Enquirer: 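Below is one structure. I have some questions about it.
Bear in mind the structure is a predicted one, so any value in this text is a computation, not a measurement. Convention: sequence-line order gives letters A, B, ...; per-chain numbering from 1.
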Amino acid sequence: MEKIKEWLKGFLKGAFEDTLFESLEKEATETQEMLLTLLFLNFAGLENPFSFYLFELLPYMEINEHFLRRMLFKEERLPVLFSRFEGWA
Amino acid sequence: MKIYLVGGKGGVGKTTIAGFLSILLSERGDVLLLSTDLAHSLKDFFSIKKKGKRIKIRPSLWIFEPDIEKALKNYIGDIDKKVRENFSPTIYEDIKPFLKFSSQDPANYDLVLFNILSNEIIREEHDFMVVDTAATAQILKFATLPDRLLRWYDLLIKWRKKYVAMREMAKLNVGEEKFLPILLRKKEKMEKVKKELAQADFIWVLEPARLAFDETEKALKNLKGKIKLSALVMNKVSGKKPSVFDFPSPSLIEIPLFESEPLAGSPEGEKISAELKKILT
């Protein structure tokens with residue numbers, strides 16, 4: 001009985017809690033990337049007159065190599081990020 | 001701090017007007033005369049040979065001619081250093097070319113100057129600041145930047161707040177939040193700059209010539225509602241009064257055309273100062 005309880009607990013954790021945290025984490029990452037995209041439009045070749053003021057913020061951001069690679073068009077995920085602008089701006 | 005922005009088409013005598021206005025103001029308090037023109041001419045106006053960007057020329061009058069190229073290089077250089085310290089070499093190598101490009105991009109000159117202007121406003125070391133500006137586009141930039149920047153800061157704050165909330169929910173452990181306080185501080189600073197610039201007196205200098213008139217008409221139209229025009233100074237008026245003139249202005253000041261160029265300390269200066277006094281009362 002205890003074994004079944006343990007298994008059920010593990011199953012429920014895996015099925016709900018972990019997926020919940022995973023999706024939250026994904027959402028958090030996407031939000032963060034959206035912010036980085038706004039900050040560094042210039043890096044993607046889009047002129048942003050404010051980037052000069054935003055450079056100051058650069059050292060305080062959490063930037064990962066994968067994101068930067070995408071921003072620099074080394075991977076094509078930018079359109080996905082930009083699609084988040086829709087109905088919002 | 002009370003700010004006076006002096007603008008106008010090239011060659012109409014902005015520096016002369018800004019210079020005499022500063023001398024006049026220095027009788028009432030501590031004055032900083034700042035040049036935001038790449039080709040500074042304040043030292044020539046005061047006939048000063050002394051080197052240096054920031055010089056005290058009278059007991060309560062300072063002139064400041066910032067070295068813009070150097071200021072831009074230093075600004076980006078500081079950021080470059082911090083990025084190198086905070087990130088892995090791979091990330092730094094990716095970011096480096098962009099920073100390097102920005103440190104040499106002339107498009108950033110006006111932004112550096114606005115930064116210098118903002119810092120002076122925040123520091124509030126002087127009672128008055130007179131800004132001898134460059135082109136009309138620069139004043140338009142100075143007048144609209146605070147609002148536009150504030151909108152950007154709001155946008156970034158919104159996304160960062162959202163991220164911080166998501167991060168907490170996802171129980172991601174990333175340590176203390178440094179970014180949001182910086183953004184909020186920047187926003188606060190810009191709000192002060194916006195407030196001070198909105199109260200600034202804008203003095204437009206022109207000469208009785210067709211091109212200067214046309215530029216005045218266009219500039220005042222563009223700046224309407226963005227900046228408070230407090231005086232129009234018609235410089236170099238000789239003989240005939242200009243026929244076309246219907247600019248709305250609280251005061252129109254006329255400065256005659258002198259045989260020799262009026263510089264600081266010249267007898268013509270007295271006449272100009274007497275006219276400019278009208279702006280201050």
Side-chain angles (χ1 to χ4, degrees), chain A residues 13 16-75 78 81-82 84-89, chain B residues 72 75-76 78-88 90-91 93-95 97-99 101-103 105 107-108 110-112 114-115 118 141 145 148-149 151-153 155-172 174-175 177-183 186 190:
Chain A
K13 191 180 178 296
F16 298 104
E17 207 182 293
D18 286 0
T19 29
L20 175 71
F21 276 96
E22 229 170 71
S23 60
L24 276 171
E25 200 178 324
K26 194 170 164 253
E27 180 86 21
T29 311
E30 277 183 7
T31 312
Q32 165 74 343
E33 291 190 351
M34 185 63 216
L35 176 68
L36 279 165
T37 311
L38 286 174
L39 271 173
F40 305 119
L41 286 172
N42 269 30
F43 282 45
L46 296 163
E47 201 65 39
N48 176 11
F50 306 110
S51 60
F52 174 79
Y53 291 100
L54 305 175
F55 278 148
E56 270 182 286
L57 302 165
L58 192 56
Y60 308 99
M61 294 298 293
E62 301 96 29
I63 301 172
N64 66 51
E65 286 166 34
H66 302 291
F67 169 78
L68 216 55
R69 212 151 288 152
R70 288 202 295 273
M71 272 312 269
L72 301 168
F73 286 116
K74 287 175 184 163
E75 281 171 37
L78 206 67
L81 278 169
F82 276 107
R84 288 174 67 103
F85 263 123
E86 268 178 60
W88 174 82
Chain B
L72 176 60
Y75 176 85
I76 302 283
D78 283 348
I79 294 161
D80 189 279
K81 201 176 141 223
K82 278 188 203 149
V83 169
R84 199 169 47 216
E85 284 165 7
N86 292 5
F87 296 116
S88 73
T90 338
I91 292 180
E93 286 305 317
D94 270 345
I95 293 175
F98 292 94
L99 289 176
F101 176 78
S102 298
S103 73
D105 189 1
N108 287 333
D110 275 350
L111 300 170
V112 177
F114 183 71
N115 219 20
S118 307
K141 239 181 220 172
L145 254 173
R148 291 157 73 206
L149 263 173
R151 244 178 280 160
W152 259 92
Y153 289 151
L155 188 69
L156 297 174
I157 287 165
K158 189 177 154 185
W159 279 92
R160 187 62 184 192
K161 277 187 176 161
K162 196 176 163 193
Y163 167 65
V164 171
M166 295 301 306
R167 204 173 61 182
E168 269 168 28
M169 273 197 276
K171 298 205 167 103
L172 289 172
V174 283
E177 171 63 15
K178 285 186 210 146
F179 189 77
L180 204 50
I182 293 173
L183 262 180
K186 279 175 94 72
M190 201 41 64

Enquirer: Which atoms of B/Lys81 come close to chain A, meaning under 4.5 Å heavy atom to heavy atom: side chain ones, backbone ones, both, or neither?
Expert: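 Contact with chain A: none, neither part.
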Enquirer: Can you measure from CZ (B/Arg167) to CD (A/Glu25) and round to the nearest 0.5 angstrom?
Expert: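 Spacing of CZ (B/Arg167) from CD (A/Glu25) equals 12.0 Å.
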Enquirer: Rounded at 0.5 Å granularity, tell me how far CG in B/Leu72 sits from CD1 in B/Ile76.
Expert: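 Result: 5.5 Å between the selected atoms.
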Enquirer: Between the side chain of A/Tyr53 and the main-chain N/O of B/Leu111, is any donor-acceptor distance below 3.5 Å?
Expert: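 Here the side-chain-to-backbone pair exists.
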Enquirer: Among B/Phe101, B/Tyr153, B/Phe114, which residue has the highest count of heavy-atom pairs closer than 4.5 Å to chain A?
Expert: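 Top count of heavy-atom pairs under 4.5 Å with chain A: B/Phe114.
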Enquirer: Which one, B/Val112, B/Asp78, B/Asn86, B/Ile79, leads in non-hydrogen pairs under 4.5 Å with chain A?
Expert: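 Maximum pair count with chain A is reached by B/Ile79.
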Enquirer: If I measure from the heavy atoms of chain A, does B/Asp80 come under 4.5 Å with its side chain, its backbone, both, or neither?
Expert: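 Looking at B/Asp80, nothing touches chain A.
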Enquirer: Only pairs of heavy atoms separated by less than 4.5 Å count here; which of B/Glu168, B/Met169, B/Arg84, B/Glu85 has the most with chain A?
Expert: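 Ranked by heavy-atom pairs under 4.5 Å with chain A, first place is B/Met169.
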Enquirer: Rounded to the nearest 0.5 Å, how far does CG of B/Asp110 lie from CG of B/Asn115?
Expert: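 Nearest 0.5 Å value for the CG-CG distance: 12.0 Å.
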Enquirer: For the residue pair A/Phe52 and B/Tyr75, is the inter-centroid distance of their aromatic rings smaller than 6.0 Å?
Expert: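 Yes, the ring centres sit under 6.0 Å apart.
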